[in-house]
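A short worksheet on the structure shown next.
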Amino acid sequence: MSKSSAQYSHYPQHHPHDHGRVLHRRPAAPAAVTAIPLPAADDAYTIVHAGKQVRFGPVVFWIVVGTVVLLGLWSAATATYFAFRDDVLTRLIARQAEMQYAYEDRIAELRAKVDRATSRQLLDQEQFDQKLDQIMKRQTALESRATALGAMPDVTGSIPRSAPQRGDASQATPKPSPISDTVIFVAPPDREARLETRAPTVAAPPTSQFARNHGFDNVLARLTNSLDQVERRQMATLNAVEESMDSRMRRMRGVVSDLGLNLAGLEAAVPRSAMGGPFVPVKLTANAGPFEKQLYRINTTRAEMDRLNRTLALVPYRKPVIGEVEFTSGFGVRSDPFLGRPAMHTGLDFRAASGDPVRVTANGKVVSAGWSGGYGRMVEVDHGNGLSTRYGHLSEINVRVGEIVKIGQVVGLVGSTGRSTGPHLHYETRIEGEAVDPQKFLRAGVRLSAG
């Protein structure tokens, strides 16, 4: 292809005289595409093929050239792709697999974090439930302890009574026994209130509800501190009761020893009450705590104290008359009120008004009830183990021989019968028939009432 202003033809020339004859054309040479250059001013391109000429401008030419180049580049790229397709695919698959693995690793990491958080929550919830269960069990144990303390009788009288409010008859202090306020121990009205647990009611949330913040921990800590205070108060009360019981036991044994009495003989003289049942030994459980062990000791001491109280119920250490003790004549040698000569006074003369009740000072059996010489009307009570008491100068006798009398029972009324200069009570205590100073027994009663 080239630019040209003339046309060249390879075809044979026709002569005018050749019209009408058959022309035999020689075989022509293969057709060739010849670009005939056009005039320069035209700046066009011509393509000749089989006698035909195609003329086109430079824009189309370059479009065609560009298309051919692009097709060549595309062919080269395609060939290159197919040549290196396996490597590209491998790299793409590896990249995709790497991205997938990274995504799966991220998911696994997040799942592990969720599992750890869930496990931590479950562990915290389990610990919370365990703490709450321990607190509930501890509160139940403290309530049972409070019940045990409240059911324990106050045999010592050591817990002080609260001051009664004015106008409150239910809280009025009980009137002391007319015989002695040292043997009838009345539990103070506030005992149960002071032994009762003051722990707040533990309102336990459902165990499925998880403590999501530290507020629950603070609540548990406050409940634990409250239960600790209750337990300390209970232990302090138990210690006070045990110390009081031990002190009273020592005093009771000391009184029997000071009076020169035989404790075994006194115990043998105690009448047996109607009791029975199979023998079941008391045993502590293997997991018994300090409270249970101390309560066991207290119960053992209380049983021993009950036995001693029943024994001392036969010892006449109480007052036979109501009110303050005032003696008009003591035990021992004195001037006889009728003869004015020295004489042995075998008892105590208590100042009292005529008709005042005279009460027996210990359990026993009436062995004499009637007129008895200088005693006038007299009642004698046998308390067993050689102990006996006499009540003389009575104006009236309210018991009969053989009658069983109890502490504080009225046996007669104060009078002035027999050798008497005025209304009073002549009171004697005897051991094996021998008169002994009643004040010795009365001082023993004061000692027992101490503390």
Side-chain angles (χ1 to χ4, degrees), residues 175-184 269 271 312-331 334 336-338 343-446:
K175 183 178 180 180
S177 168
I179 299 300
S180 174
D181 56 355
T182 65
V183 294
I184 300 178
L312 289 178
L314 301 178
V315 178
Y317 61 82
R318 302 156 190 88
K319 298 182 297 181
V321 293
I322 298 173
E324 296 294 333
V325 175
E326 184 178 355
F327 305 133
T328 58
S329 181
F331 177 85
R334 68 170 183 176
D336 185 79
F338 293 96
M344 181 65 184
H345 188 225
T346 57
L348 291 177
D349 289 343
F350 287 85
R351 183 185 301 277
S354 182
D356 285 348
V358 176
R359 302 175 185 268
V360 67
T361 57
N363 294 340
K365 180 179 180 181
V366 177
V367 295
S368 178
W371 192 272
S372 181
Y375 289 101
R377 291 189 178 91
M378 185 267 293
V379 173
E380 183 175 1
V381 178
D382 181 16
H383 304 289
N385 198 39
L387 282 173
S388 63
T389 53
R390 293 181 177 180
Y391 310 85
H393 307 310
L394 302 178
S395 62
E396 182 180 331
I397 296 176
N398 296 338
V399 292
R400 60 182 181 274
V401 176
E403 182 178 347
I404 302 300
V405 291
K406 299 294 183 181
I407 297 172
Q409 182 175 339
V410 176
V411 296
L413 303 179
V414 173
S416 184
T417 58
R419 281 183 98 247
S420 172
T421 60
H424 71 282
L425 172 65
H426 176 83
Y427 175 69
E428 292 184 7
T429 56
R430 291 178 175 266
I431 300 178
E432 302 296 344
E434 295 292 332
V436 295
D437 189 356
Q439 290 195 64
K440 184 177 182 180
F441 289 86
L442 294 176
R443 284 193 295 267
V446 174

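Just so it is clear, the structure is predicted and the values come from calculations on it, not from any experiment.
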Quick one: [atom1] on [X] to [atom2] on [Y], what's the gap to the nearest 0.5 Å?
X: M344; Y: D336; atom1: CE; atom2: CG; value: 13.5 Å
X: T328; Y: L425; atom1: OG1; atom2: CG; value: 9.5 Å
X: N363; Y: L314; atom1: CG; atom2: CG; value: 6.0 Å
X: R359; Y: Q409; atom1: CZ; atom2: CD; value: 10.0 Å
X: H426; Y: M378; atom1: NE2; atom2: CE; value: 9.0 Å
X: R430; Y: T389; atom1: CZ; atom2: OG1; value: 11.0 Å

Of all the heavy-atom pairs spanning [X] and [Y], show the shortest one and how long it is.
X: A313; Y: R318; result: CA-NH2, 3.7 Å
X: L442; Y: F327; result: CD1-CZ, 4.0 Å
X: F441; Y: V436; result: CE1-CG2, 3.6 Å
X: L348; Y: P438; result: CD1-CB, 3.6 Å

Please name the residue in the list Y427, Y375, F350 that meets the ring-ring contact (aromatic ring centres under 6.0 Å, His included) test with Y391.
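Answer after filtering Y427, Y375, F350: Y427.
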Using modelled atom types and a 3.5 Å cut-off, is there a donor and acceptor pairing between side-chain atoms of [X] and backbone atoms of [Y]?
X: S388; Y: D382; answer: no
X: S395; Y: G355; answer: no
X: T417; Y: L394; answer: yes
X: R400; Y: I397; answer: no

Could you walk me through whether H383 and V381 satisfy the side chain to side chain contact (heavy atoms under 4.5 Å, CB included) test, starting with their C-alpha distance in whole Å, then the side-chain angles of each, then the deciding distance to 0.1 Å, before giving a yes or no?
CA-CA 6 Å; H383 304 289; V381 178; 3.6 Å; yes
Do the rings of H393 and H424 sit parallel, tilted or perpendicular, given the 30° and 60° boundaries?
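The rings of H393 and H424 sit tilted, inter-plane angle from 30° to 60°.
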Against P357, only a single residue in V414, I322, N398, V411 fulfils side chain to side chain contact (heavy atoms under 4.5 Å, CB included); can you say which?
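Among V414, I322, N398, V411, the one meeting side chain to side chain contact (heavy atoms under 4.5 Å, CB included) with P357 is I322.
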Could you walk me through whether T421 and F338 pass the side chain to side chain contact (heavy atoms under 4.5 Å, CB included) test, one step at a time?
CA-CA 8 Å; T421 60; F338 293 96; 3.8 Å; yes
When you look at R334 and D349, which way does the side chain to side chain contact (heavy atoms under 4.5 Å, CB included) test go after all the steps?
CA-CA 12 Å; R334 68 170 183 176; D349 289 343; 3.4 Å; yes
Just do the side chain to side chain contact (heavy atoms under 4.5 Å, CB included) check on T429 and K440 with the steps written out, would you?
CA-CA 10 Å; T429 56; K440 184 177 182 180; over 6 Å; no
